[in-house]
Amino acid sequence: MAFVNHSTVTEFILLGLSADPHIQPLLFVLFLVIYLLTMMGNLMMLLVIRTDSHLHTPMYFFLSHLSFIDLCVSSVIVPKMLENLLSKKKTISVAGCLAQIFFVFVTGGTEGCLLSVMAYDRYAAICHPLVYGQVMSNQLCVQLVCISWSLGILDSLINITLAMKMDFCEARTIPHYSCELPSLFPLSCSDVTINLIVMFCSVVPHGLGTSLSIFYSYGRIVSTILSISSTSGRSKAFSTCSSHLITVSLFYGSAFLRYLMPTSGSLQELIFSVQYSVITPMLNPLIYSLKNKEVKAALKRTVEKVFTMF
């Protein structure tokens with residue numbers, strides 16, 4: 001039950017990463033550079049995969065969607081963070097806060113599913129190479145991506161619909177640089193038990209389901225790689241998975257640690273949030289371009305084409 005007498009809250013105050021006015025300009029420059037690198041890296045990855053016929057394979061089809069997700073999550077979080085770092089009034093409207101939560105849920109849920117799909121793709125390529133083209137057909141790839149987006153949107157709609165019914169009282173300070181659903185629960189003067197249960201029942205099975213499928217796929221992959229007799233064959237097989245393994249570790253490691261921690265605005269909580277929502281979207285295109293010979297070759301061909309145009 002919501003309290004009868006409470007003020008109507010129209011905006012929240014985001015405390016951000018630091019209250020020190022001398023540090024905030026430095027943080028602005030740092031995160032502006034990170035944001036620009038994120039935009040450039042992921043847009044370049046999308047351009048290269050789109051234009052280079054050598055990358056028109058299931059793995060790079062999924063990677064292009066991962067790059068698009070990274071563009072989305074970074075654009076949802078970082079611009080508002082940059083604005084607040086330079087503004088004295090570090091606020092966000094209730095509607096803006098809920099919108100931010102909605103898109104964070106959509107991108108986070110979709111990325112978890114997509115990473116699971118990418119692990120299955122590597123399993124099919126390494127464990128069943130002779131029938132890989134039949135297993136990972138164009139139709140199946142499109143269906144898997146659509147399912148990933150659908151599950152992410154479904155999770156978000158379920159949670160955000162309940163969040164829109166929450167009442168907020170005098171407390172309106174969020175000890176964070178962005179809006180996340182757990183941060184709103186302490187501010188509500190209505191009963192959030194149902195919200196907590198629904199969030200737990202939607203996020204935990206989603207996270208565990210995708211992570212366990214990744215572990216299963218890589219368990220089979222490792223078993224297959226170890227059975228390869230030649231050292232060069234094992235090295236080549238593992239190299240096709242290393243970029244994806246790094247991406248999975250960065251995303252799941254920081255996201256799980258963040259959501260398992262109580263909302264307090266602690267330094268560790270902020271670090272984990274920055275890791276999965278700001279740093280990881282910047283690192284993903286670097287990881288795939290630096291550790292993947294096909295992507296490096298495609299980048300070189302794309303750059304050469306651009307220069308020949310001029």
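Residues: numbered from 1 along the sequence shown.
Panel note: side chain Asn42, backbone Thr38; a donor-acceptor pair is recorded below 3.5 Å. Side chain of Lys90 to main chain of Leu14: no donor-acceptor pair is present (N/O by atom type, distance under 3.5 Å, no hydrogens or angles). One N or O on the side chain of Thr280 and one on the backbone of Gln275 form a donor-acceptor pair closer than 3.5 Å. Between the side chain of Gln24 and the main chain of Leu86, no donor-acceptor pair closer than 3.5 Å is present. Between the Ser87 side chain and the Glu83 main chain, no donor and acceptor come within less than 3.5 Å of each other. The backbone N or O of Cys179 lies less than 3.5 Å from no partner atom in the side chain of Ser183, so there is not a single donor-acceptor pair. Between the side chain of Ser67 and the backbone N or O of Leu63 there is at least one donor-acceptor pair closer than 3.5 Å. Under a 3.5 Å cut-off, the side chain of Thr161 and the backbone N or O of Ile158 do not form any donor-acceptor pair. Within the 3.5 Å criterion, the main-chain N or O of Phe102 finds a donor-acceptor partner in the side chain of Ser156.
Residues passing the side-chain hydrogen bond (donor to acceptor under 3.5 Å, both in side chains) test with Ser202 are Asn159, sequence neighbours excluded. Residues forming a ring-ring contact (aromatic ring centres under 6.0 Å, His included) with Tyr35 (at least two apart in sequence, or on another chain): none. For Arg50, there are no salt bridge (Lys or Arg N to Asp or Glu O under 4.0 Å) partners two or more places apart in sequence or in a different chain. In this view, His128 and Tyr123 satisfy the ring-ring contact (aromatic ring centres under 6.0 Å, His included) rule, not counting sequence neighbours. A search for ring-ring contact (aromatic ring centres under 6.0 Å, His included) contacts involving Phe61 returns His65, not counting sequence neighbours. Among residues two or more places apart in sequence or in another chain, the ring-ring contact (aromatic ring centres under 6.0 Å, His included) test is passed with Phe12 by Phe168.
Using a 4.5 Å cut-off on side-chain heavy atoms (C-beta onward), Ser273 and His176 make contact. Residues Tyr177 and Val274 are in side-chain contact: their nearest non-hydrogen atoms beyond the backbone lie under 4.5 Å apart. Side-chain contact between Ser74 and Met39: present, with at least one pair of heavy atoms (C-beta onward) separated by less than 4.5 Å. Within the 4.5 Å cutoff, no side-chain heavy atoms of Leu184 are placed close to those of Val192. Inter-residue side-chain proximity for Pro182 and Met199 is flagged as met; some heavy-atom pair is nearer than 4.5 Å. With a 4.5 Å cut-off on side-chain heavy atoms, Pro281 and Val78 do not count as touching. Side-chain contact check for Lys80 versus Ser178: every heavy-atom pair is 4.5 Å or farther apart. Counting heavy atoms from C-beta on, the side chains of Val145 and Cys141 never come closer than 4.5 Å.
For the atom pair CG of Leu115 and CG of Leu66, the computed distance is 6.0 Å after rounding to the nearest 0.5 Å. Interatomic distance, Ile13 CD1 to Ile92 CD1, rounded to the nearest 0.5 Å: 12.5 Å. Note: Met81 CE to Leu17 CG = 5.5 Å, rounded to the nearest 0.5 Å. Put simply, CD1 on Ile49 and OH on Tyr60 are 8.0 Å apart, with the number rounded to the nearest 0.5 Å. Considering OG1 of Thr107 and CZ of Phe103, their distance stands at 9.5 Å, rounded to 0.5 Å. Between the OG1 atom in Thr210 and the CG atom in Leu151 there is a gap of 10.0 Å [rounded to 0.5 Å].
Considering all non-hydrogen atoms of both residues, Glu111 and Ile69 come closest at OE1-CG2, 3.6 Å. In terms of heavy atoms, Ser150 sits closest to Cys146 at OG-O, 2.7 Å. Annotation for Val117 and Ser148: closest pair CG2-OG, 3.8 Å, computed over non-hydrogen atoms. Of all non-hydrogen atoms in Asp167 and Ser188, the two that sit nearest each other are O-OG, 3.0 Å. For the residue pair Ala163 and Leu181, the shortest heavy atom distance occurs at CB-CD1, 3.9 Å. Looking at every heavy atom in both residues, His206 comes nearest to Gly109 through NE2-O, 3.0 Å.
Within 6.0 Å of atom CZ in Phe68, 12 or fewer heavy atoms from other residues, nucleotides or ligands are found, so the atom counts as exposed in its surroundings. Within a 6.0 Å radius of OH in Tyr132, more than 12 heavy atoms belonging to other residues, nucleotides or ligands are found. Heavy-atom contacts from other residues, nucleotides or ligands closer than 6.0 Å to NE2 of His56 number more than 12.
By the criterion of side-chain heavy atoms lying less than 4.5 angstrom apart, applied directly or through intervening Ile, Leu, Val, Met, Phe, Trp or Tyr residues, Leu157 is grouped together with Val106 in one hydrophobic cluster.
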